[in-house]
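Heads up, the thing below is written out as structure tokens.
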Amino acid sequence: MGTTCGLTIDPIYRYVRALVICFILLPCIQLSLGAKTRHFKWEVEYKYWSPDCIENIVMAINGQFPGPTIRAKVGDTINVELTNKLSTEGVVIHWHGIHQIGTPWADGTASISQCAINPGETYNYRFKVDKPGTYFYHGHLGMQRSAGLYGSLIVDLAEGEKEPFYYDGELNLLLSDWWHKNTHDQEIGLFTNPFRWVGESQSLLINGRGQYNCSLAAKFSSNTSISQCKLRGTEQCAPKILHVLPNKTYRLRLASATSLASLNLAIGNHKMLVVEADGNYVQPFEVDDLDIYSGESYSVLLTTNQDPSNNYWLSIGVRGRLPQTPQGLTILNYKPNSASKLPISAPPITPVWNDYNHSKAFTNKILALMGTPKPPVNHDRRIILLNTQNKINGYTKWALNNVSLVLPPTPYLGSIKYGFKNAFDQKNPPENFDSINYDVTKPPVNPNSTYGNGVYMLGFNTTVDVILQNANALSANVSEIHPWHLHGHDFWVLGYGDGKFSADKDEKKLNLKNPPLRNSAIIFPYGWTALRFVADNPGVWAFHCHIEPHLHMGMGVVFAEGVDRLSTIPNEGLTCGLTGKMFSGQKN
Ligand SMILES: O=C1O[C@H]([C@@H](O)CO)C(O)=C1O
């Protein structure tokens with residue numbers, strides 16, 4: 001029996017009732033709650049741009065880099081008509097942190113939730129924003145995030161609702177990293193034998209702005225070869241100054257769209273109170289600096305209680321990789337001081353890149369605010385994913401339990417819905433690795449892995465645990481940070497640990513009392529991270545390392561649940577691969 005708007009009743013009555021509900025009642029309920037449909041017409045194209053004062057090409061939206069900020073209220077419907085104006089490549093946009101409940105085809109993952117939008121074509125992203133918080137959107141095909149395809153998405157509380165904290169004003173910072181080598185070149189290097197790594201970025205950007213050939217803080221540097229930037233403020237690379245008034249509290253919304261860099265952010269002389277992580281409230285805690293990994297977002301409260309005759313630095317620097325990228329800087333301008341008045345001392349120093357104790361201390365402070373839903377006490381299934389750097393026929397890859405993901409030409413959402421059994425590997429990918437014999441502290445004994453595109457089919461409404469197990473990469477004594485992001489859900493972060501996860505020893509250490517709910521979590525070098533989520537959102541969902549070159553090298557898996565519950569999937573996103581053939585057959 002079919003369902004419409006979630007209802008299953010007899011056919012004629014069902015049709016009439018569905019019409020009434022869909023076209024009369026739902027809009028009325030929306031109106032009465034003040035919810036709106038927000039329409040946007042976007043065109044994606046390459047543009048010449050100077051994000052760090054060096055001219056390059058960026059992927060711009062409506063001529064802007066970063067793309068326009070979307071601001072909406074909980075319950076609103078976002079409708080982005082996205083036209084691909086790139087002349088030779090497809091495009092998609094993922095709405096990072098938005099659950100896409102009932103609209104999995106709008107998740108914007110090429111080969112998973114939709115076909116890439118071809119040059120000249122338009123795709124309609126229509127979805128509801130279900131949770132207040134700080135989010136962003138970005139390209140999810142190839143290396144298009146590295147190319148600059150990103151922007152902010154901020155969801156305010158519904159009318160009449162109040163945040164559990166007070167602030168006078170708001171500042172929004174979207175953080176990213178920037179290479180001078182174009183992303184096609186970067187991408188080809190990753191798929192070449194011998195492998196050519198993308199290397200560290202040339203610049204860090206704050207709201208799409210950084211300075212490569214000069215520094216805002218050169219006069220404080222002992223390196224005399226760096227010149228002081230002389231910017232008028234109108235340049236594309238001039239910092240976005242953060243204007244504040246003394247003795248007020250500001251909510252800083254932070255999101256990291258970096259391709260590679262893990263960042264640490266600090267504001268000279270000021271403390272920050274962390275209140276939100278990935279769209280979830282956390283127990284407030286105070287910090288001097290904060291780590292933010294690719295794919296994460298935070299809100300911090302900043303009180304402007306320092307000497308009002310000065311301005312202060314806001315700095316970001318690289319963590320977890322030997323930094324070869326200068327700090328990204330902007331100025332916190334206490335009004336009425338002139339914005340061009342430099343702070344009186346040097347910018348905050350980023351903690352040493354491999355001081356993991358510093359990072360762990362920060363991460364362990366993140367706990368759910370009282371009232372946050374708690375995780376189910378038991379899990380139905382536990383998937384353990386060993387993260388390794390591997391080789392396939394001499395090519396360097398990343399793999400999970402020895403399988404490196406290569407996406408199929410037919411998007412999973414369509415192939416699962418319509419039962420195309422030859423669209424992807426029908427065997428469940430491995431649930432575990434040989435944890436008794438595998439030494440996570442050493443390079444793999446046998447580094448050869450295989451390509452795969454199988455799906456973890458999750459029972460609808462079951463509770464799934466994922467243990468992400470880090471290991472040594474291909475070179476001895478190297479284990480990297482990987483920030484993992486789950487589409488379509490938040491998960492509870494039950495705990496982090498060092499070495500190999502052991503159910504006997506570590507199970508009892510898991511936090512079931514107040515674990516933070518998030519959509520992104522990291523694994524520390526040589527460590528493990530335990531996550532739990534409920535598979536209650538019909539659709540097909542990527543779960544992957546948010547370092548873009550790592551995802552491109554296969555570091556991801558695919559989950560699917562409840563696809564049979566989706567009554568209709570718009571054809572619009574499935575007109576490629578086997579589903580494309582099926583639709584063209586129907587037309588004939
Ligand atoms: O995937 C990666 O490859 C390089 C290095 O391991 C090999 O060049 C690096 O730093 C990564 O994160």
Side-chain angles (χ1 to χ4, degrees), residues 142-143 145-146 176-181 183-204 256-264 291-296 317-325 352-354 356 359 385-407 439-452 468-485 520-527 529 543-557:
M143 304 277 286
R145 178 155 50 91
S146 281
S176 56
D177 41 11
W178 184 251
W179 278 257
H180 291 164
K181 183 149 108 169
T183 47
H184 296 294
D185 195 345
Q186 291 182 35
E187 185 183 341
I188 290 162
L190 297 174
F191 281 11
T192 295
N193 185 7
F195 177 66
R196 295 193 202 173
W197 174 239
V198 299
E200 300 304 309
S201 65
Q202 274 62 60
S203 303
L204 298 177
S256 175
T258 57
S259 177
L260 175 64
S262 305
L263 299 173
N264 181 270
D291 288 331
I292 175 163
Y293 301 92
S294 178
E296 291 187 334
V318 172
R319 306 281 288 127
R321 304 182 69 91
L322 188 63
Q324 285 159 25
T325 314
V352 180
W353 70 275
N354 57 359
Y356 292 113
S359 311
L385 297 176
L386 175 70
N387 290 229
T388 51
Q389 198 179 25
N390 289 75
K391 290 273 180 191
I392 302 183
N393 303 329
Y395 293 91
T396 305
K397 298 285 161 191
W398 288 91
L400 288 314
N401 297 341
N402 249 6
V403 180
S404 185
L405 180 66
V406 182
L407 294 169
D439 185 350
V440 297
T441 67
K442 302 259 162 56
V445 176
N446 173 7
N448 290 330
S449 64
T450 50
Y451 292 119
L468 290 163
Q469 177 67 60
N470 209 342
N472 199 102
L474 284 170
S475 309
N477 302 316
V478 177
S479 181
E480 296 187 13
I481 283 179
H482 300 286
W484 277 79
H485 170 62
S520 300
I522 70 149
I523 45 170
F524 287 109
Y526 300 110
T529 300
F543 178 51
H544 62 91
C545 174
H546 210 262
I547 291 178
E548 196 170 49
H550 287 183
L551 171 59
H552 209 53
M553 292 160 72
M555 201 168 199
V557 296

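Given the structure is predicted, the values throughout are model-derived calculations rather than measurements. As the structure lists them, so they are numbered: ligands from 1, and atoms in each ligand from 1. Along the sequence shown, the residues carry numbers beginning at 1.
If you check which protein heavy atom lies closest to atom 11 (C) of ligand 1, you get Glu480 OE2, 3.2 Å. Atom 7 (C) of ligand 1 has as its closest protein heavy atom Phe195 CE2, 3.8 Å. Protein heavy atom nearest atom 4 (C) of ligand 1, with residue, atom name and distance: Trp197 CD2, 3.5 Å. Protein heavy atom in closest approach to atom 1 (O) of ligand 1: Trp398 NE1, 2.9 Å.
Atoms of ligand 1 found under 4.0 Å from any heavy atom of Gln389, numbered from 1 in the order shown, are 1 (O), 2 (C), 3 (O), 5 (C), 6 (O). For ligand 1, the atoms lying closer than 4.0 Å to a non-hydrogen atom of Met553 are 1 (O). The Arg321 neighbourhood of ligand 1 comprises atoms 9 (C), 10 (O), 11 (C), 12 (O), with distances under 4.0 Å to a heavy atom of that residue. Near His550, meaning under 4.0 Å from one of its heavy atoms, ligand 1 places the atoms 1 (O), 2 (C), 11 (C), 12 (O).
Two rings, from Trp197 and His550, have their centers less than 6.0 Å apart.
A distance-only check finds no donor-acceptor pair linking the side chain of Ser176 to the backbone of Ala257 [under 3.5 Å].
A donor-acceptor contact under 3.5 angstrom links the side chains of Thr396 and Lys391, judged on distance only.
Between Trp484 and Phe543, the ring planes are tilted. Angles from 30° to 60° get that label. The aromatic rings of His544 and His546 sit parallel to each other, their planes meeting at less than 30°, with 60° as the upper class boundary.
Smallest separation of non-hydrogen atoms from Val445 and Pro447: O-CD, 3.5 Å.
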